[in-house]
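Computed from heavy atoms alone, side chains included, the values below leave out hydrogens, waters and symmetry copies.
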Amino acid sequence: LKSLGGLKEKHLMSALADASAAVREHAIKLAELYLAGSADAQAADNIRQGLLALINDPDVRVRYQLAFTLGEPGVVADRSKPLIRLARNSGSDPWLHAAILSSLSRGAGDLFVDLAASEGTKNGVDEAFLVELARLVGTQKKTKDIAIILSHLASSSSPRFALASAFHQGLKRASLSLGKVDKEKQLQTLYQEADKVARNREAKESLRIQAIGLVSCRSFDEVSDTLFSLLDINQPQSVQVAAIRALGGYSQKEISEEMIARWADSTPAVRNEAMQVLLRRTSFTLSLLKAVEKKIIAADEIPPSRLTYLRGHRNSEVKGLALKVLGRKSNAAREKIITTFLPAIRLEGKIKSGQEIFVTRCATCHRLNGQGFELGPDLETTRRWSKAELLTHVIDPNSKVEPAQKIYQITTRTDEDYAGLIVAESANSITLGQPQGIKTTILRANIRKMKSLGVSMMPEGLEAGLALQDMADLLSYLKSDR
């Protein structure tokens, strides 16, 4: 009917009240289009009432679509009130929360007040939604809404570390900060409590990690002693990792020096987080390479996927030292290695052993049979390749690289460096994907420079330590019906 121009008010009203949830959901979508072009004010008002009647619909998909529709121009005059009612009925559904947040171009502060008052009650929403709502308020930087969040944080009977930290992150996206908006110093008590909890070994780890997030919202001079103290080997691993992540938000040189000095005592998980920080800023990366040169840090601890990035670094000093301590890439060497492993394609491989090799060497970027992370190409397509083709791709990943699989390097206006595959784009941001499921979203407004490095995220050297039979096992697993 819509396509033929025959869709009328009576049809939509009937569909909005239909017994089928699928019909009601579709009717909401069509109501958007009808209201956008309707000249009949009375019919439009009737349809709006029909939409609002679905706020407490028992089907979550209906409410999910309604949340998006309420955010469209011309659907309702005041979207705040119906979105508040929808939010009260959203429980802990993250998808419904996301839909509601996407429609809140205004009224986020009012929604926060309403939901914060009902938190912990039978009809209250969970903390996660309030956290995301606070982040949105910060991003929108509306004076009235900012004052609402500050007042809530200052007067709350229990510490709201995660909420305050998310609010700060939102403000940063709007080129603000908690320090800039809290001119009356309402949050001093909360800061002090966060510092105390972060240091308290008796407190719950989850609460300590939230406290560390808030601690990192202040200046480096105010928090350096606290954050450095949390790098002690006697601290829980999760606390050390959270402290390193927090330190990564600052640029002071002593940060890289402290991490390198503690390297020998750090566990693999802590080293992995520290490595991400050391590769983010030019001064930190230079300290890292000097540590490699002095053999404080082993060269093979640098992620293979970052070697090309370092050899072609934008800073000439970093690039020169990287070439010195890491060596130059040699295509001829790759070809020689392929020739060495060619006999493996004629050996009978053991699929089970090949699966074990896949998990240890490939799963950081590829997912297969429920194991690993989705970053590289879909391996379901590899079954049609010959073993010789597979061997070439494994040993020389740069022999043929699809555009979507090439590494991009982004330098931010705060002099941070990120490298990875572009896995998502929006009008306002770019998301880079890295091994082990790591994703970093960068606002376009914060990008100073972006370029393709022209190489695959898949590193060279994955064959190191493998015998011919091992390679035969891996190739058989990749070719198997699984």
Side-chain angles (χ1 to χ4, degrees), residues 237-238 241 244-245 248 259 263 266-281 284-285 288-289 292 297-313 322 326 329 354-382 390 393-399 401-411 416-425 430-442 450-466 474 477-478:
Q237 176 178 286
S238 61
V241 168
I244 290 173
R245 192 170 293 141
M259 291 182 183
W263 195 267
S266 300
T267 62
V270 174
R271 287 186 178 188
N272 182 63
E273 192 65 38
M275 183 62 73
Q276 299 298 322
V277 172
L278 292 172
L279 288 168
R280 193 175 301 159
R281 298 182 185 276
F284 291 1
T285 303
L288 166 65
L289 291 172
V292 172
I297 296 176
D300 61 9
E301 292 194 69
I302 298 176
S305 60
R306 305 302 295 273
L307 297 180
T308 300
Y309 153 73
L310 291 173
R311 291 180 178 121
H313 201 278
L326 302 176
K329 186 180 76 169
Q355 181 181 15
E356 293 171 358
I357 294 170
F358 169 83
V359 170
T360 58
R361 303 206 175 211
C362 311
T364 56
C365 293
H366 296 284
R367 186 171 178 82
L368 196 59
N369 295 335
Q371 295 178 303
F373 297 92
E374 294 180 358
L375 181 62
D378 183 0
L379 294 186
E380 292 295 337
T381 63
T382 61
L390 281 172
H393 280 279
V394 169
I395 295 178
D396 189 5
N398 290 304
S399 60
V401 188
E402 296 295 327
Q405 296 300 319
K406 292 181 179 179
I407 300 176
Y408 275 77
Q409 177 186 335
I410 291 179
T411 302
E416 294 175 293
D417 289 315
Y418 296 91
L421 302 184
I422 296 178
V423 295
E425 288 190 72
I430 290 177
T431 299
L432 293 181
Q434 292 121 355
Q436 296 183 325
I438 298 172
K439 291 183 180 179
T440 304
T441 299
I442 304 165
M450 181 173 76
K451 69 174 183 178
S452 170
L453 297 183
V455 295
S456 171
M457 174 64 78
M458 183 173 172
E460 296 177 351
L462 290 178
E463 78 288 339
L466 293 182
L474 177 60
Y477 177 63
L478 295 177

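Minimum interatomic distance between W263 and L278 (heavy atoms only, all atoms of both residues): CZ3-CD1, 4.0 Å. When all heavy atoms of K406 and L421 are compared, the pair lying nearest together is O-CD2, 3.4 Å. For the residue pair G376 and Q405, the shortest heavy atom distance occurs at CA-OE1, 3.6 Å. Annotation for M275 and P303: closest pair CG-CD, 3.6 Å, computed over non-hydrogen atoms. Residues R367 and F358 approach most closely at C-CZ, 4.4 Å, considering heavy atoms. Between R361 and L462 the shortest heavy-atom distance is NH1-O, 2.6 Å.
Note that CD1 of I407 and CZ of R306 are 8.0 Å apart. Values are rounded to the nearest 0.5 Å. Residue L326 holds its CG atom at 5.0 Å from CD1 of I302, rounded to the nearest 0.5 Å.
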- request: Assess whether side-chain contact (heavy atoms from CB on, under 4.5 Å) is satisfied between M450 and I442, documenting all intermediate values.
  value: CA-CA 11 Å; M450 181 173 76; I442 304 165; over 6 Å; no
field: Intermediate values then yes/no, side-chain contact (heavy atoms from CB on, under 4.5 Å), L390 and L474
entry: CA-CA 10 Å; L390 281 172; L474 177 60; over 6 Å; no
query: For S456 and N398, what are the C-alpha separation, side-chain angles and deciding distance, and is it a side chain to side chain donor-acceptor pair (under 3.5 Å)?
result: CA-CA 6 Å; S456 171; N398 290 304; 4.7 Å; no
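Scanning for salt bridge (Lys or Arg N to Asp or Glu O under 4.0 Å) contacts around R271 gives E301, with sequence neighbours left out. By the salt bridge (Lys or Arg N to Asp or Glu O under 4.0 Å) test, R280 pairs with no residue at all, sequence neighbours left out. With sequence neighbours excluded, the residues satisfying side-chain contact (heavy atoms from CB on, under 4.5 Å) with Q355 are K352, Q371, Y477. Every residue meeting the salt bridge (Lys or Arg N to Asp or Glu O under 4.0 Å) condition with E425, not counting sequence neighbours, appears here in chain and number order: R444. Under the side-chain contact (heavy atoms from CB on, under 4.5 Å) criterion, P435 pairs with S305, T364, C365, L375, M457, sequence neighbours left out. Remark: S452 pairs with no residue by the side chain to side chain donor-acceptor pair (under 3.5 Å) rule, at least two apart or across chains. Remark: E356 engages no residue in a side chain to side chain donor-acceptor pair (under 3.5 Å) (not counting sequence neighbours). Residues passing the side-chain contact (heavy atoms from CB on, under 4.5 Å) test with T431, sequence neighbours excluded: V423, A424, K439, T441. With sequence neighbours excluded, the residues that form a side-chain contact (heavy atoms from CB on, under 4.5 Å) with R245 are V241, E273. Residues passing the side chain to side chain donor-acceptor pair (under 3.5 Å) test with S266, sequence neighbours excluded: none. Partners of F284 according to the ring-ring contact (aromatic ring centres under 6.0 Å, His included) rule, which considers only residues two or more places apart in sequence or in another chain, do not exist here. Remark: H366 engages no residue in a ring-ring contact (aromatic ring centres under 6.0 Å, His included) (not counting sequence neighbours).
Here the side chain of E460 pairs no donor or acceptor atom with the backbone of P397 at under 3.5 angstrom.
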